[in-house]
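Data first, discussion second: the structure below is written as structure tokens.
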Amino acid sequence: MKIASWNVNSLNVRLPHLEQWLRAFGPDVVGLQETKLEDHRFPDAALAGLGYRSVFSGQKTYNGVAILAREEPRDVLVGVPGFEHEHRRAISATVGDLRIVNLYVVNGQDIGTEKYELKLQWLAAVRDWLEEEARRHPSLVVLGDFNVAPDERDVHDPAVWNDQHILTSAPERAALRDLLATGLHDGYRLLHGDGGVFSWWDYRQAAFRRDLGLRIDLTLVSEALRPQVAAAGIDREPRTWERPSDHAPAWIELAR
DNA sequence: ATGGTTGCCCCGCAA
């Protein structure tokens, strides 16, 4: 069973890419981020034609999240309980016996800005909520664009992406560690100790061609699922296509 | 990374 996370940076622009990738990769569950679509414009009929049911929470221009699954998603929850906010950044659903939480973490812009403070507050609220969610749902998958590179292996140049830089600052990494400490494991890291495997490359500076990336798109699993993680990776292929998203899909395979 | 690019909607803002 393949589970993936992909920041599509506008589903309006990227629907053909998503369709092509769903056909090629054949995931069972996908969390999308930055759909940038209001709900009445979500292409659920097109995706149903490919065999995927969709649940979504979007807004115009910014943010927006969705879960696609071959099985009907149940018990859909929009947002982060205890942290009301206009940003559409979280959607959760049960697929089969798995609880799926899909997150588009606040980017944070720069250290010291209001957006940075929002990022840390948002991550703390998510951590508190996930602690309960893990109790309710032992088989828990938390995936998304975390906008934090977990450690030095996850950045192309640790001298640039240091503890004074957005996406790699010490408070951001601490917030991610706190979230993992609720009992979650980075699916990719369970199987791979290597560095230099990235999921996001800036559109500028020909960053993808030069492989100047970061691994900020993660698929986390609860302790109960840990023994089932059979494979994990990042599919760079859609990043090579014409007019791509700046992110590539991050995936895990569960043996079940 | 002082740049630079993309997507959006209204031409600056977010990433």
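Lettering of chains follows the sequences in order, A, B, ..., and the numbering in each one begins at 1. Please read all numbers here as calculations on a predicted model, not as lab measurements.
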Report yes or no: do [X] and [Y] belong to one cluster of Ile/Leu/Val/Met/Phe/Trp/Tyr joined by side chain heavy-atom distances under 4.5 Å?
{"X": "A:L143", "Y": "A:L179", "answer": "no"}
{"X": "A:I252", "Y": "A:L220", "answer": "no"}
{"X": "A:F83", "Y": "A:L123", "answer": "yes"}

Nearest-Å distance for atom pair [atom1]/[atom2], residues [X] and [N]:
{"X": "A:R239", "N": "B:dT6", "atom1": "CZ", "atom2": "C1'", "answer": "10 Å"}
{"X": "A:R209", "N": "B:dG4", "atom1": "CZ", "atom2": "P", "answer": "16 Å"}
{"X": "A:L32", "N": "B:dG7", "atom1": "CG", "atom2": "P", "answer": "16 Å"}

Who else is in A:L212's hydrophobic cluster (ILVMFWY, side-chain heavy atoms under 4.5 Å, direct or via others)?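 Besides A:L212, the cluster holds no residue at all.
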I'd like to know whether the aromatic ring centres of A:W241 and A:W21 sit less than 6.0 Å apart in this structure.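 No.
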Does the protein touch nucleotides 9-15 of chain B at the base, only the backbone, or not at all? Give it as B, S and - per nucleotide, heavy atoms under 4.0 Å. S----SB
Which whole number of Å gives the distance between the [atom1] atom of [N] and that of [M]?
{"N": "B:dG4", "M": "B:dC8", "atom1": "P", "result": "23 Å"}
{"N": "B:dC9", "M": "B:dA15", "atom1": "P", "result": "16 Å"}
{"N": "B:dC11", "M": "B:dG7", "atom1": "C1'", "result": "13 Å"}

Residues forming a ring pair (Phe, Tyr, Trp, His ring centres under 6.0 Å) with A:F42, sequence neighbours excluded: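 Result, ring pair (Phe, Tyr, Trp, His ring centres under 6.0 Å) vs A:F42: A:F56.
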If each of A:R210 and A:R243 is mapped to the nucleotide of DNA chain B with the nearest heavy atom, which maps nearer the 5' terminus, i.e. the 5' end?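 On the 5' side of the pair lies A:R210.
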Both A:D157 and A:N12 contact DNA chain B. Taking the nearest nucleotide for each, which residue is further toward the 5' end?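 Upstream on the strand: A:D157.
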